[in-house]
Trainee: 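Quick one: structure below, then a few questions.
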Amino acid sequence: MGTGGSFLHNPEDDDILGKDLDGSSRGVIKRIPIEIRPRGRLGLKSGSSRKGPKGGSLSSALSVEIENTEVERIRKEFEMYRINKDNEMANSSRKEQQLIRENKKLKAELVVLQKTCTNLRGERDMSLEAEQHALIRAATFEDERGKLQRNFKIFRETMERELQNILREKRRLENKLAKIALGYSIEDVDAQSRQEYDENSNNNPGEWWPNMDGEPSLSSTMQLQQPSPRLPEFVHSMVEPEGMFTNVNKEDWSTVLSNLSQNLPSAPEHSLSPVLRIYISAPRDTHTEVEILIKDYYPRLQAMCETEGRSLVMTHLPYDDTSTVSQQFLWHQQISRKQQISKSCIFLAFLGDSTDKFTSIEYKIGYLDNPTAKSAIFCFRDVKGIKSGHSDAKDLKSKIRERKTAKIIDGYTSPSRGVEQASSAIEKILSAEIGLESRAEGEEDENEDDGPDQLCGSHVWDVQSDNEQLEAINLAKSSSCELGFERHYERLNGHVLSAGPLPPLLILGPSGCGRSLLLAKWIQLQQEKIPSSLLLYHFVGRESTVSADPIMMMRRLTAQLMQQLNSPPQLTSDPVRIVEEFPRWLERISSRTPGGAIVVLDSIDRFQQAEVHLKWLKDPLPVDTRIIVSACEETCPQSWRSWPTVRVEPLSNKNVKELLHAELATLDASISSEEETSILTQCRTPSTCCSLYVMVLARHISGYTRFDSKPAKHLENLLTCTDCVSLYCKVLDVIRYSLETHENRGHLKMILRFIYVSRCGLRESELLDLMPNLSSNFLTLFTEILFHHLIIKYQGGLLMFAHQQMEKAALEYCFGKEEAKLIPQYRQNLIQYFSNSLSPGKTSCRVSDELPWLLRQSQEKEELQQCLLNLCVFQRLYSRGRCPEILSYWQFVAADKNTMAQLYFNATRKMEELVGQYGGLITLERIADLYDSLGHFLKDLGQLNQAVSALQKALEIRETTLHPDHPIVARTHHILAGLYAQWGKFSTAEDFYKQALALYENEYGMDHPLVATELEALAQLYQRQDRHDQADPLKKRSVNIRKKQKSPKVTPMQTQAKTVVQRRALQLEELALGPDSPDNARILNELGVLYYLQNDFETAESFFKRALEMRESTLGPDHLDLAQSLNNLAALYNDRKQFNKAEPLYERALDIKTKYLSTNHESVASIINHLALLYRKQGKFDQALPLYKQAVEIREKTFGTYHPSVATALVNLAVLYSQQNKYADAEPMYERALKIYDESLGPQHPRVAETLRNLAVMKYELKDFEAAAKLYKKATEIKENETTYGGKALSIQSSSGESTLKNMMNS
C-alpha cells in the first residue's frame, strides 16, 4: 500500500455543497477516498514466478486497503439518502396534484362569481333605467298637475267673476227698486246706478274690498292681510267708464301704467303715430288765416315737434263752390275729410260770415259728434257791420258756444290777430302732446334713466315698433273678416291650455288667407277673456323694416318680460347677448307668472335669417311657455313643418258670399243677384277664394256701384283677374284713368314707385318735397282713395303698402320689363333727398332709418361709411336701441369693431373742432353727450378699454363746462363705476360710486331716489367682493329711502303710458272751463284722480275741493255724487296722514250713502273699511271695533261664510283685538281665518303663513313659547316652500282633512 503523498490532487476531491431539489442547502457532502486494488501485478501475467528486485512488492506501494465496515456504513447512508430523496419527490408530486385540484376548483368558483357579477350589473342597470323612467313619469305628472291647477284656477276665477257680476246686478236691481220706492225717476236712478256700480266692474273676485293698512300690532312681525289702501273713487259717467284707472292702488302705480299700456290698442290713432296732424276747416273767406298760419307759424311748430322725434302735418282741403264737379268727386271729398279728421289730434276751425259745402260736415265729425275725442279750437271772426246772407255760419257758432267744452277765440277782427291766438293755443296742446310741458316742470331730473339732450334732438325712445304692433291690433278690430275663425280659436285655446312642454303651434296658409288677421283677432279675445295673462306678440311687416329684424323683436319682447320684475336690470343692445338671453328670460318669467307666458309671432318666415336667429324655437321650450307662430305656405322652411300645424284653408263658396255681403254692408253698398252669381262663379280657385281677393273686390265694387251706369261691364272686367296681384293691377288702372287729369298725369305711378323703393314707406310731406308738381289737395284725395281700396295703409305716420301682394303688384305695375331700370333712379332720388338733411339740427329719425339702408341697397360702401360716421345718424340709431342695425352696416363695409371704434373717435374729435358753428347747435355739452353715447355703445359691444376712454373724455368735458358737482357729472361717475365693475377693477369702481353718491347727496339731499340707486350699486359691488358687512348697511339705508318715496320708479318703457295720463288731464282742464254744472264737477273730480295718480297732491286737492263745492251747489247736500267727492278728498287726506281732516269727510260720505244704498253695498262697505282703518290709526279702538265687526258681516253676506275675503276681515278684527290685549277674543278669529284659508287656498298659501305668524306673536305675548315656536316654524316653512317653487303659492289641500293649525299643533 503506497503513501498518501503518492496521489495527485484532483479538484473534484474538494468538498461539494449539497443542495436539495428545491435548491436549499442541506450540508456538505464529503468525497471518500477509495483505493482501487489492481487485478494483478503490473507488467506480469498471472501465475508467473518471476522474481522481482529486493526491497518490497508493487501492491504494497500502489494499493489502498479499505476496511469492510466503513464501506458498509457508507452504503447504508447512501441508501438512506436515496430513500429520503424518493420520499421527498413523492411528497412533492402529491402536493403538486393537490394544488392542481385546488386551482381547478378556484377557477370554477371564479367563473361562477363572474356570472353572478354580470347578473348583478344587469339588475343594477335595469334598476337605474326603471328609476329614470319613474322620474320622467313623475316630472310629467308634476307638469300635468301644475297645468291642471292653473286651468282650474282660471276656471274658478272665471266662475267667481261671473258669480260676482250676478250678485252685483242683483244688488243694483234691489237698490234701483229702493230708489224708485223713494220717489226717484227711472232716468235718475239709471244714471246714479251707472256711476256707482261701474266703479268695481273690472275687479277680481274677492278683491274689491280694500283691506286694512297701517303699523303692525304687537311687534314688527304681525301682518295685516292685503295692505292696499283705497284710492279716490272714479265717476263713471265720464268718457272712459271702464278705463285703465278703475280702482287702482296708489302703491301700484307701475301696475297702473302696465294696465294702461295694455289698453293702449283702443287709444286714438293719433296717440300711436309719430305724426301729429292738425285738420283745418276754413271756408273761402278765411283762407287768409290759413295762409298766415302756414307761412308764419307752421315752421316754428314743426321744428318744436321734430326736436322730440315727431313731425307735424297741417291738412287743409279747400273747396271751390263755383266749380262744377261730379257726384263721385264730392263723395270722394267727403270720405277724404272724414278720414283726415279721424287721424288728426287737433281740429282747428276758422269761420267768418259764410260756409262752404263741407263746413257743417267737418264741424259735425270733428267736434259736435264727440266733443271730448280730440282738442278743438274755434276761431270766429267778428263780422259786425256786415250783412250776412248765410245763416249756417250763425247756427254753427251757436252750437259750438252751447257745448262750452272747446277753446273759442271769438271776436277777432284782424286775421293775423286771430291766427296769433290760435297758434298760441296750438303750441300749448302740442307741448303737452310731445311732453315738453312736463319736462319744463323739471320732471326729467327725477329719473336718472332719461337720456341727455342729443346733438340731433332730445333722447328718443323707440316707441315706433310698439306702436306698429298696436296699430296691427287696431286694424284687426275694425276688420269684418272673421269667417271660419271659430274652429281655429278652439285649436289655439287648446294649445294654450295643454300640458307642456310643447313645440310651437304653426299657423300655415297661402298669402292673403287671413293668418295675421286670425292671430290679431285671437289676441284681442284672449286679452278680453284673461286680462291678467302675460301675452306677447309681434307682427312682421315689410321684410326691409325693423319689424322683420329678429334681434330687435327679441329685444322688444325681452323689455316687456323685464317689466314683470320689480327691479329689472339694464337692457343690453349687444346682438349676441340678446339672442342668448331671450330664451332664459322667457323661461324665468313664464315660470313665475300664473298661467305662464304666451308668445305670438306672425309671419316668421319674413324674418331676416330666421332659421339662424330663431333656433331656440326648435329647442325644448319652457314648460309654462306657449309659442304660436304663422308662416306662408310657399316660403315656410321644411324644418318648421314638423310642428303641430293649423292650416288656414281657402274660403268655401258659402264663406265667400258671407264675407262679400259683410264687407259691402260696412261700406253701405250692395250688389244684384246676377253680380253675386258672377263673383261666386269666379271665386272657385285657391287664389281667388282667399279673403284678400274678396275684400279688395268688395272695396272696389262699393265705389263704382254708386256712380257707374254700367256696373255689370265693369265687374266683368274685374273678374278676369285670377289672383290678388292681377286684381290690384286692374284696380290701379281704373283709379288712374278715373282720377288723373292732364295736370297730374303720372302722379299715381310716381307715388307708388317712391313708396316701393323706400324702406319703410314715406310721409305725405316727403312726397310733396319729392314731387314739386304734386298738390297737397290731390295727394290727400289720392291717398284716401288708395287707402279705401286696401292698396296702402297708414302705419307709424307713413304711407306703405297694405299687403305683401300689393307690393308685388306695385313692382309689376310700376316697374314692368321696360321700366325696371327706373328702380336705381328713384332710389338715387331718395338718397339725394335724405342726404340734404345730414347737417346738425336737421337729421331726423326718418333720415337715420332710410338713408343707410338705401345706400346699402345701392352697394355704395364709401357713402354708407360716411353716413354712419355722421354722429347725428349714429345717435338717432343708437338712442333707439338699433345697435344690431349699426353693426350690420359696418359688417357690410368690411370694418371690424376696433376699426369702427377708432373711426367714431376720429369723427367725434372732428366734431369737437366745430364747436360754436351751425348756429350754436354744436356745444361742448353736446360733444360730451356724443362721447357718452359712444362709451355706452362700445360698452354694449364688450370694448371696455375703448369705452372707458370715451366716458373719461365725456367726464372731462362736463367737469370743465359744467360745475364739478353737477348731477350730470355724478351720472357719468356712476356709468364709469359700472364699467370698471364689469371690467373687474373693483377698487376703481368703488371710488367712482362714492364720488357719485357724494355728489347726489350734496345736490338732492340724503333721501333722494338717486341716492338710493347709488347705495344699491355700491352694495352690490361689495357683495361681489364678499364684503357683506359693508353691503348690508347700504342696502338697509336704500330700502328706507325707497319706502319714503310716494311713487315707485317708472321705467322708460312706461313713459309713453304716463304721458297719456298727462294728456288726458290737459284735455279735461280744457273741458272744465265754464259755469258750475254737474258735468263740470264730474270732469273736475276726474282731474283730481288723475293728478292724484301722478302724485301732484296739491293740484289734486284743489280739483277735489272745487268738485265738492260745485256738486254741493248744483246737486244739494245729500246727493250720491257728493258722497263720492267726500270720499275722494278724505282718501287724499288719509294718504297725507291728515287724519283729523279725513275723519269727518268719511263720516259724512257714509251717512249719505247709507240713505240711498243698502249696508251690504260694496260702496258702503268700502267707506266702512276706510273709516275703521282711520279710527285704528288714531288709536280709537272702541269706534273701530263695531265697524270691523260690520265688515265681517258684510263679507259673509256678500261672498259666503268660507270665502277668503271673510278670512281677511277676520284677521283684521283679530289684529284689532290684539292691539287691545283681548287675546281671548282674537284667538278664535285667527283659528277661523286659518280654517277658511286652509280649505279655500290650501295649507301652503302665503296667507296661511302670514296668519300663523300673527298668531305666533300673540302666543308669544301670552308666554306660550312652545306653541309660538311651532307656529312660527310652520310659517317659515311655508315661506321657504313658496321661494322654492319660484314664488307660486301651492294650493294643495291637506290629505287628512284637518286644518293647518290642528295638524301643526299636534305634531
Side-chain angles (χ1 to χ4, degrees), residues 444-445 447-460 570 572-573 840 869-881 883 886 897-898 900-918 920-983 985 988-1000 1003 1010 1013-1014 1017 1052:
E444 77 283 1
D445 293 336
N447 192 349
E448 66 169 347
D449 292 330
D450 290 341
D453 289 340
Q454 306 298 321
L455 176 61
C456 45
S458 299
H459 190 78
V460 180
Q570 185 177 2
T572 181
S573 294
L869 289 177
N870 185 294
L871 297 178
C872 296
V873 174
F874 166 73
Q875 271 198 322
R876 284 296 189 188
L877 289 173
Y878 180 69
S879 63
R880 293 179 293 155
C883 183
I886 297 175
K897 293 182 179 179
N898 292 326
M900 175 191 65
Q902 189 59 45
L903 290 173
Y904 273 128
F905 271 115
N906 296 338
T908 310
R909 294 190 188 101
K910 291 181 181 179
M911 181 70 74
E912 192 173 353
E913 298 173 357
L914 302 177
V915 171
Q917 300 184 22
Y918 293 96
L921 286 176
I922 303 179
T923 62
L924 284 176
E925 291 85 352
R926 294 186 173 180
I927 296 297
D929 294 339
L930 286 173
Y931 279 114
D932 191 82
S933 297
L934 182 58
H936 279 83
F937 175 61
L938 296 174
K939 177 185 175 184
D940 286 338
L941 300 182
Q943 307 290 102
L944 301 183
N945 191 12
Q946 295 167 312
V948 166
S949 301
L951 293 173
Q952 287 282 11
K953 185 66 176 177
L955 180 61
E956 293 174 5
I957 295 176
R958 284 168 176 163
E959 287 181 335
T960 303
T961 57
L962 304 173
H963 194 273
D965 296 337
H966 197 276
I968 296 181
V969 176
R971 185 183 61 194
T972 309
H973 281 292
H974 175 84
I975 297 170
L976 277 168
L979 184 57
Y980 279 114
Q982 181 180 346
W983 206 349
K985 299 183 178 181
T988 307
E990 181 180 353
D991 294 338
F992 276 109
Y993 275 136
K994 289 181 177 179
Q995 293 178 32
L997 178 62
L999 292 177
Y1000 281 137
E1003 181 69 21
L1010 294 176
T1013 301
E1014 294 303 320

Trainee: Out of curiosity, Leu1010 CG to Leu997 CG, how far, rounded to the nearest 0.5 Å?
Mentor: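 If we round to the nearest 0.5 Å, Leu1010:CG and Leu997:CG are 11.0 Å apart.
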Trainee: Without hydrogens or angle criteria, can the side chains of Asn906 and Gln902 be said to hold a donor-acceptor pair below 3.5 Å?
Mentor: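 Indeed, the side chains of Asn906 and Gln902 share at least one donor-acceptor pair under 3.5 Å.
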Trainee: For Thr960 versus Glu956, what's the shortest heavy-atom pair and its separation?
Mentor: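 Taking every non-hydrogen atom into account, OG1-O, 2.8 Å.
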Trainee: If you look at every heavy atom in Pro964 and Val969, which pair is closest and at what distance?
Mentor: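 Heavy atoms only, the tightest pair is O-CG1, 3.5 Å.
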Trainee: Would you say that Leu951 contacts Lys939 through its side chain, given a criterion of any heavy-atom pair below 4.5 Å between the two side chains?
Mentor: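 They are not in side-chain contact.
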Trainee: Looking at every non-hydrogen atom in both residues, tell me the closest pair between Ala947 and Gly935 and how far apart they are.
Mentor: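 Closest approach of Ala947 to Gly935, heavy atoms only: CB-O, 3.5 Å.
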Trainee: With a 4.5 Å heavy-atom cut-off, do Asp991 and Tyr980 have their side chains touching?
Mentor: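 Counting from C-beta outward, Asp991 and Tyr980 never come under 4.5 Å.
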Trainee: For a quick test of reading the model, state the closest non-hydrogen atom pair linking Ala989 to Ala981 and the distance between them.
Mentor: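 Smallest heavy-atom distance, with atoms named: CB-N, 3.6 Å.
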Trainee: Is the closest side-chain donor-acceptor distance between Tyr878 and Asp940 under 3.5 Å?
Mentor: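 On atom types as modelled, these side chains qualify, holding a pair under 3.5 Å.
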Trainee: Do the non-hydrogen side-chain atoms of Glu1003 and Asp965 ever get within less than 4.5 Å of each other?
Mentor: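 Sidechains of Asp965 and Glu1003: no contact.
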Trainee: Please report the interatomic distance CG(Asn870) to CZ(Arg876), rounded to the nearest 0.5 Å.
Mentor: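 Rounded to the nearest 0.5 Å, the CG-CZ separation comes to 11.5 Å.
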Trainee: Thr961 pairs by side-chain contact (heavy atoms from CB on, under 4.5 Å) with which of Ile927, Ile968, Leu924?
Mentor: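 With Thr961 as partner, side-chain contact (heavy atoms from CB on, under 4.5 Å) holds for just one option, Leu924.
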Trainee: Atom OG1 of Thr972 and atom CZ of Arg958: how far apart are they, to the nearest 0.5 Å?
Mentor: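 It comes to 4.0 Å.
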Trainee: Is there side-chain contact between Tyr904 and Gln946, with at least one heavy-atom pair below 4.5 Å?
Mentor: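 The answer is no; the side chains never approach within 4.5 Å.
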Trainee: Below 4.5 Å, heavy atoms only, C-beta onward: do Lys953 and Glu912 meet side chain to side chain?
Mentor: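 Yes, side chains in contact.
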Trainee: Quick one: do Arg971 and Asp932 make a salt bridge, cutoff under 4.0 Å?
Mentor: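 A salt bridge is absent here (no side-chain N lies under 4.0 Å from a carboxylate O).
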Trainee: Using the six-membered ring wherever Trp is involved, compare the ring planes of Phe874 and Phe937 and label them parallel, tilted or perpendicular (cut-offs 30° and 60°).
Mentor: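 It falls in the perpendicular class, over 60°.
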Trainee: So that I can tick it off, tell me whether Arg909 and Glu913 are bridged by a salt bridge, with the cut-off set at under 4.0 angstrom between side-chain N and carboxylate O.
Mentor: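 Here Glu913 does not pair with Arg909 in a salt bridge, since their nearest N and O are not under 4.0 Å apart.
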Trainee: To the nearest 0.5 Å, what is the distance between CG (Leu877) and OG (Ser933)?
Mentor: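 Here the interatomic distance stands at 12.0 Å.
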Trainee: For Ala970 and Ala996, which heavy atoms make the closest approach, and how far apart are they?
Mentor: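 Taking every non-hydrogen atom into account, O-CB, 3.4 Å.
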Trainee: For Tyr993 and His974, what are the C-alpha separation, side-chain angles and deciding distance, and is it a ring pair (Phe, Tyr, Trp, His ring centres under 6.0 Å)?
Mentor: CA-CA 6 Å; Tyr993 275 136; His974 175 84; 5.6 Å; yes
Trainee: So, taking the atom named CG in Leu930 and the one named CG in Leu871, what distance separates them when rounded to the nearest 0.5 Å?
Mentor: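 Here the rounded value is 5.0 Å.
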Trainee: Do Asn898 and Gln943 have side-chain heavy atoms sitting under 4.5 Å apart?
Mentor: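 The answer is yes, as the side chains (C-beta and beyond) meet within the 4.5 Å cut-off.
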Trainee: Side chains of Thr572 and Cys883, heavy atoms from C-beta outward: is any pair under 4.5 Å?
Mentor: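 They are not in contact (no side-chain heavy atoms under 4.5 Å apart), so the answer is no.
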Trainee: Looking only at heavy atoms, which two atoms of Phe905 and Ser949 are closest? And how far apart?
Mentor: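 Answer, listing the atom of Phe905 first, then Ser949: CZ-CB, 4.1 Å.
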Trainee: Please examine the side chains of Ile975 and Phe992, heavy atoms only from C-beta on, and report whether any two atoms are closer than 4.5 Å.
Mentor: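 A side-chain contact under 4.5 Å is absent here.
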Trainee: Just how far is it from atom CD of Gln952 to atom CG of Leu976, taken to the nearest 0.5 Å?
Mentor: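 Reported value, rounded in 0.5 Å steps: 5.0 Å.
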